[in-house]
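Right, one structure below, let's go through it.
Along the sequence shown, the residues carry numbers beginning at 1.
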Amino acid sequence: MQLPSLTASSQAYFLYCDYIDGAVEAWEDAGVLTARQQQTVREIGEMLRSAVSNLRTAVSATRAAERTANRARARFHVRDVVLDQRVFALSDAVLNGPAGKSREHSLYRQIFRDQNANEITRVRMRDEPEVVARLLDRLDAAADFEGKVQSRVHLQQALQKSLVARSALDAAEQAEHKTADGELTARRLLRTVIEQLYGKLRAVFPGQRDFVESFFPPQDGGSGPGTNTPQGGGAAR
């Protein structure tokens, strides 16, 4: 028996187990096993199917979490674009109003410090909400000017929605990592079960390795070695 590699995908394990399950069904119906041998074959089939079912459930949870996280990334990205637009709108309101097109004007420098709108919007997407929050604090401390109230409302709303979207993304990515860990655990458990059922077969069919190997995919990808009829066989009792 040669198991899939430790780094093999869940799909690779499903294909591997489909072969075992098919062999179990075939040997149960072969009519050459004793009652005890048939019982052992049924037991390993049940063990295998239970572990495969657990892995399928874990895979479904992982795929669902991945889709949720991907959608959350898209929403956060959109909120970042909107936040950028609101930063530019504030910059325009100051430049087209009291600053008289000059970024060196005291009011513009008070609000934007030594940055301009481009520099703020180019920061790392996850960090921009905190940068904008500080920008809002400076805007609140600045003298009133035409368009200040509207610019602040729009920027504050965009910031809040960006923070909500970021929190949702954090939660979605945490769930994504958790389900991925769960899938890995289920896959390792399935691997252990395969090893256990191999041991059960060897115990019930001692000295009949070719027969036992017939339950598992051939290592060379071909038809595998000739399969001996199990000792104690004949018509199943």
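A continuous path of Ile, Leu, Val, Met, Phe, Trp and Tyr side chains, each step under 4.5 Å between heavy atoms, connects Val123 with Leu163, placing both in one hydrophobic cluster. Residues Phe14 and Leu184 are members of separate hydrophobic clusters, defined by side-chain heavy-atom contacts under 4.5 angstrom among Ile, Leu, Val, Met, Phe, Trp and Tyr. Leu135 and Val81 fall into different hydrophobic clusters, where Ile, Leu, Val, Met, Phe, Trp and Tyr are joined by side-chain heavy atoms under 4.5 Å apart, directly or via other members. If you chain together hydrophobic residues whose side chains sit under 4.5 Å apart, Met125 and Ile120 never meet in one group.
Side-chain contact between Pro98 and Tyr108 is absent, with no heavy-atom pair separated by less than 4.5 Å. Contact check for Leu55 versus Leu189: no side-chain heavy atoms found under the 4.5 Å cut-off. Side chains of Leu107 and Gln110 form a contact here, defined as non-hydrogen atoms less than 4.5 Å apart. Looking only at side-chain heavy atoms (C-beta outward), Val32 and Trp27 come within less than 4.5 Å of each other. Residues Phe205 and Asp210 have side chains not in contact (no heavy-atom distance under 4.5 Å, counting atoms from C-beta outward). No side-chain heavy atom of Arg152 sits less than 4.5 Å from a side-chain heavy atom of Val149. Side chains of Leu48 and Leu190 form a contact here, defined as non-hydrogen atoms less than 4.5 Å apart.
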Under the side chain to side chain contact (heavy atoms under 4.5 Å, CB included) rule, what do Arg75 and Leu169 come out as? Steps first, then yes or no, please. CA-CA 8 Å; Arg75 287 193 293 270; Leu169 175 57; over 6 Å; no
Side chain to side chain contact (heavy atoms under 4.5 Å, CB included) for Lys161 and Val82? Distances and angles first, verdict last. CA-CA 9 Å; Lys161 290 181 179 181; Val82 174; over 6 Å; no
CA sep, side-chain torsions, deciding dist, call: Arg103, Arg109, side chain to side chain contact (heavy atoms under 4.5 Å, CB included): CA-CA 7 Å; Arg103 290 184 174 82; Arg109 296 193 65 178; over 6 Å; no
Residue pair Leu197, Phe216: steps toward the side chain to side chain contact (heavy atoms under 4.5 Å, CB included) verdict: CA-CA 11 Å; Leu197 63 87; Phe216 303 91; 3.5 Å; yes
Evaluation steps, salt bridge (Lys or Arg N to Asp or Glu O under 4.0 Å), between Arg63 and Glu183: CA-CA 10 Å; Arg63 298 294 91 80; Glu183 180 181 346; 3.4 Å; yes
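Put simply, CD on Gln37 and CD on Gln208 are 7.0 Å apart, with the number rounded to the nearest 0.5 Å. Atom CG of Asn70 and atom CD of Glu173 lie 10.0 Å apart (nearest 0.5 Å). Interatomic distance, CZ of Phe88 versus OG of Ser151, reported as 14.0 Å (0.5 Å rounding). Note that CG of Leu159 and CD of Glu128 are 9.5 Å apart. Values are rounded to the nearest 0.5 Å. In this structure, CG on Leu83 lies 8.5 Å from CZ on Phe76, to the nearest 0.5 angstrom. To the nearest 0.5 angstrom, Arg86 atom CZ is 12.5 Å from Leu136 atom CG.
A pairwise comparison of heavy atoms in Cys17 and Ile194 identifies SG-CD1, 3.8 Å as the closest pair. Nearest approach of Arg166 to Pro129, heavy atoms of both residues: NH1-CG, 3.9 Å. Of all heavy-atom pairs spanning Tyr19 and Pro218, the tightest one is OH-CD, 3.5 Å. Across Ala165 and Arg79, no two heavy atoms sit closer than the pair CB-CG, 3.7 Å. Of all heavy-atom pairs between Thr179 and Glu176, the closest is OG1-O, 3.0 Å. Contact record, Ala12 with Ala8: CB-CB, 4.0 Å, taken as the closest heavy-atom pair.
Ring geometry for Phe211 versus Phe215: interplanar angle over 60°, hence perpendicular rather than tilted (30 to 60°).
Residue-environment remark: CD (Gln160) exceeds the threshold of 12 foreign heavy atoms within 6.0 Å. Within 6.0 Å of atom CD in Glu130, more than 12 heavy atoms from other residues, nucleotides or ligands are found, so the atom counts as buried in its surroundings. By the neighbour-count criterion of 12 heavy atoms within 6.0 Å, atom CZ of Arg113 is sparsely surrounded, having that number or fewer from other residues, nucleotides or ligands. Taking a 6.0 Å sphere around CD of Gln150, one finds it holds 12 or fewer heavy atoms contributed by other residues, nucleotides or ligands. Within 6.0 Å of CG in Asp127 there are more than 12 heavy atoms belonging to other residues, nucleotides or ligands.
In this structure, the side chain of Thr121 engages the main chain of Asn118 through a donor-acceptor pair within 3.5 Å. Counting only distance, with no hydrogens or angles, the side chain of Thr40 and the backbone of Arg36 share a donor-acceptor pair below 3.5 Å. A donor-acceptor pair under 3.5 Å links the side-chain atoms of Ser60 to the main chain of Arg56, judged by distance alone. The main-chain N or O of Glu46 is never found under 3.5 Å from a side-chain atom of Ser50 such that the two would form a donor-acceptor pair. Under the 3.5 Å distance criterion, the side-chain polar atoms of Lys200 are left unmatched by any main-chain donor or acceptor of Glu195. His105 places no side-chain N or O within 3.5 Å of a backbone atom of Leu95 that could act as its donor or acceptor partner. Side-chain atoms of Asn96 come within 3.5 Å of backbone atoms of Asp92 as a donor-acceptor pair (strictly under, hydrogens ignored).
Because its NZ or CZ atom is not both nearer than 6.0 Å to the ring centre of Phe112 and within 45° of the ring axis, Arg138 does not count as a cation-pi partner of that residue.
A donor and an acceptor atom, one from each side chain of Gln39 and Arg42, are located under 3.5 Å apart. A donor-acceptor contact under 3.5 angstrom links the side chains of Glu213 and Tyr198, judged on distance only.
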